[in-house]
Amino acid sequence: MRIKKLSDSGVKLMQGNEACAAGALAADCRFMAGYPITPATEIPEYLSSRMFAAGGVFMQMEDELASINAVIGASWGGARAMTATSGPGFTLMQEALGYAAVTETPLVVINVMRGGPATGQPTCTSQDAVMQARYGGHGDYEIIALAPSSVQEAFDFTVRAFNLADKYRVPVFVLSDETVGHTREKLLIPESVEIFDDEYQGVCREYFKPDENGVPPRIRFFQGHDVLVDGQLHDQRGIRAGTDPAVCAQAIRRYCGKILDHIDDISSVEKFFPEDAETLVIAYGSVSRSALSAVRRARDEGMKVGMLKLNTVWPVPEKEIRAACAGAKRVIVPEMNVGEYLREIQRIAGCDKVQGFSSIGGVFPAPKAIYEKIAEVT
Amino acid sequence: MNSTAEKYIRKEALPFIFCPGCGHGIVVNSFLRVIDKLGIGKNQMGLVSGIGCSSWSPVYLQFDCLHTLHGRALAQAEGLKAVNPDKTVVVFTGDGDCAGIGGNHLIHAAKRNVDITVIMMSNYIYGMTGGQRAPTTPYGAITKTSPLGNEEHPFDLFRLVTGAGATYYARASATHPIQLDKAIEEGMKHKGFSFIEVLSPCPTTAGRNIFSFKTPSEMYDWYESQVAVLKPGQTEAPDGKIGLGILYMNNERAELCSVQAEKKEVARNEN
């Protein structure tokens with residue numbers, strides 16, 4: 001990691017979408033390609049001039065297919081690159097995201113989630129893409145997803161997303177949502193940020209040969225490597241091996257393993273009142289703020305409630321979830337979907353103990369609603 | 001292997017997937033002659049392709065290469081070029097990859113007049129999947145998915161691509177390698193969106209399904225009979241033949257990367 005000083009540090013009043021964009025610039029992102037879509041549009045708007053001022057390029061593409069593919073091209077071209085989208089746009093990007101996973105292309109996608117399916121609820125908040133982020137493309141691969149709950153986290157998590165993308169050579173998603181994206185509140189831009197330093201020395205001929213971490217070196221075009229990037233499963237030289245079961249099986253296991261073997265490094269969670277919680281709330285994204293407010297009220301009233309806030313949702317912070325659930329008699333998972341991440345918690349802690357609290361239709365669950373749920377089961 | 005090819009081939013990727021008689025190998029050879037003549041350095045060029053037989057071409061070349069998804073070569077090429085405006089970016093694609101599934105990217109890349117050279121090998125058919133109708137398949141032609149004769153008309157790619165904003169359009173044929181070299185060379189020298197349509201015979205699927213040729217040489221003879229080298233200034237060949245040559249060049253329309261460079265200056269001064 002190298003330390004990069006920021007010239008615009010200090011306290012700002014900013015919107016979550018703008019904070020993602022500002023975080024991207026702070027993280028040295030120098031290419032954005034995007035297509036306008038509610039509720040993510042402020043991100044390309046914010047970057048449309050500032051990216052040029054930073055010496056980078058912003059391109060409004062003809063659709064989301066072009067956007068994500070241009071990002072892949074720019075990433076191999078040597079730039080930190082990103083796009084921002086929502087519901088239908090994220091769906092259109094899935095094929096290329098699988099390509100990015102298989103070609104181990106670092107990139108960042110900000111998904112400002114809105115209500116689905118299809119055109120769904122363009123202006124309403126949701127956590128509709130939690131499972132899609134992980135399982136959206138065909139085939140087996142792992143990705144990383146972070147879920148900010150505030151404007152500050154929108155900035156901080158976006159910076160971290162770029163570092164994780166480079167470190168693990170993988171697409172990284174910032175699963176924001178309409179609530180975070182359109183909330184305007186205080187943001188402290190720090191004096192400096194850490195930038196993952198990955199300059200490759202020498203000439204590489206085995207572009208997909210993993211180091212001891214299971215991750216290949218971060219090489220780029222025009223540096224003498226003659227890189228061969230192929231979406232067909234390939235050997236360590238990039239040569240197609242689609243009919244070689246041993247090579248393909250090894251490749252798929254590595255795409256998964258390089259993430260799953262580093263859950264501890266990638267995962268970030270926060271625990272609230274863990275010591276005596278009989279009722280545990282597990283939440284992520286904007287819902288976690290409402291949930292925390294509800295948990296605090298319940299505690300004030302003497303209920304033995306605790307909370308686990310997931311800052312990263314993929315890979316699943318399994319160890320932390322298991323430990324937090326171990327002492328609890330019951331677990332509530334409030335989400336703005338019919339219960340997507342609920343299944344992961346149930347897988348870890350058991351169906352008997354874990355129940356969802358679903359808020360759909362574009363309704364943000366108020367602290368009162370979650371409090372009442374806590375009071376009902378406690 | 002000839003000495004030019006020897007210099008640029010990525011040997012571990014061999015053998016070529018191309019069938020005997022395929023025109024694509026002629027196109028690859030022509031491309032190598034041109035870059036050798038132009039002296040394009042190792043770290044000066046990125047190659048990008050999509051999916052299909054022709055899109056395998058750059059995989060065999062010892063350059064930085066993105067073998068992308070079906071239809072998405074141009075989009076990835078635009079990202080690559082945007083952050084490396086001083087590098088040469090060449091896209092290898094087929095008629096289905098470029099004008100079918102990638103059609104939207106084609107017209108928008110042309111609209112942007114981004115400085116990318118596209119070599120589109122057109123064989124009137126989807127070869128890799130075994131001979132289905134392409135966006136270039138002639139009206140009435142028999143393919144595996146148009147057994148009753150193609151119900152649709154083919155694209156007029158010259159009008160489509162120049163109408164969308166491309167500033168260089170050449171048509172060449174694998175049967176005419178000298179003109180093919182020139183079409184690629186001038187396209188690579190041109191600053192702007194350069195589109196080279198190359199008629200590249202596919203004896204295996206088009207030869208069998210559309211034309212009922214018995215041998216590749218029969219097919220090449222027929223191609224030769226159908227094309228005519230255009231005189232300067234001509235865009236159409238006489239007698240309904242397919243005209244080969246540089247059909248269009250425009251040095252007036254602003255090129256995208258140059259404009260982006262100007263915007264960087266403006267934005268930097270404003271901040």
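Throughout, protein chains are lettered first and strands after them, A, B, ... in sequence-line order, and every chain is numbered starting at 1. Only this structure's heavy atoms are used, side chains among them; waters, hydrogens and symmetry mates stay out.
When all heavy atoms of A/Arg30 and B/Val83 are compared, the closest pair comes out as O-CG1, 4.4 Å. Looking at every heavy atom in both residues, A/Ala53 comes nearest to B/Ala267 through N-CB, 3.4 Å. Scanning both residues, B/Asp64 and A/His225, for their nearest heavy atoms gives OD1-C, 4.2 Å. Shortest non-hydrogen contact noted between B/Ala82 and A/Met59 is CB-SD, 4.0 Å. Listed here is the closest heavy atom pair of A/Asn69 and B/Ala75: CB-CB, 3.6 Å.
Within the 4.5 angstrom heavy-atom criterion, no atom of B/Ile107 approaches chain A. Heavy-atom distances place the side chain of B/Asn84, and not its backbone, under 4.5 Å from chain A. The contact between A/Gln232 and chain B is made entirely by side chain atoms (from C-beta outward), counting heavy-atom distances below 4.5 Å. The contact between A/Ala66 and chain B is made by backbone and side chain atoms together, counting heavy-atom distances below 4.5 Å. Looking at A/Ile239, the atoms closer than 4.5 Å to chain B (heavy atoms on both sides) all sit in the side chain, from C-beta outward.
Inter-residue side-chain proximity for A/Met61 and B/Glu78 is flagged as met; some heavy-atom pair is nearer than 4.5 Å.
Listed options A/Asp230, A/Val57, A/Ile68, A/Thr103 were ranked by heavy-atom pairs under 4.5 angstrom with chain B; first place goes to A/Asp230. The candidate with the highest count of non-hydrogen atom pairs below 4.5 Å against chain B, out of A/Ala70, A/Ala33, A/Gly224, A/Gly78, is A/Ala70. Ranked by heavy-atom pairs shorter than 4.5 Å toward chain B, the options A/Arg240, A/Met51, A/Arg50, A/Gln223 are led by A/Arg240. Looking only at heavy-atom pairs under 4.5 Å with chain B, the residue among A/Tyr99, A/Phe31, A/Tyr207 that has the most is A/Tyr99.
Rounding to the nearest 0.5 Å places CG of B/Asn43 at 7.0 Å from CG of A/Asp226.
Within a 6.0 Å sphere centred on NZ of B/Lys42, heavy atoms belonging to other residues, nucleotides or ligands number more than 12.
A cation-pi contact, defined as under 6.0 Å to the ring centre and within 45° of the axis, links B/Lys87 to A/Phe222.
Remark: the B/His105 side chain and the A/Glu62 side chain contain an N/O donor-acceptor pair separated by less than 3.5 Å.
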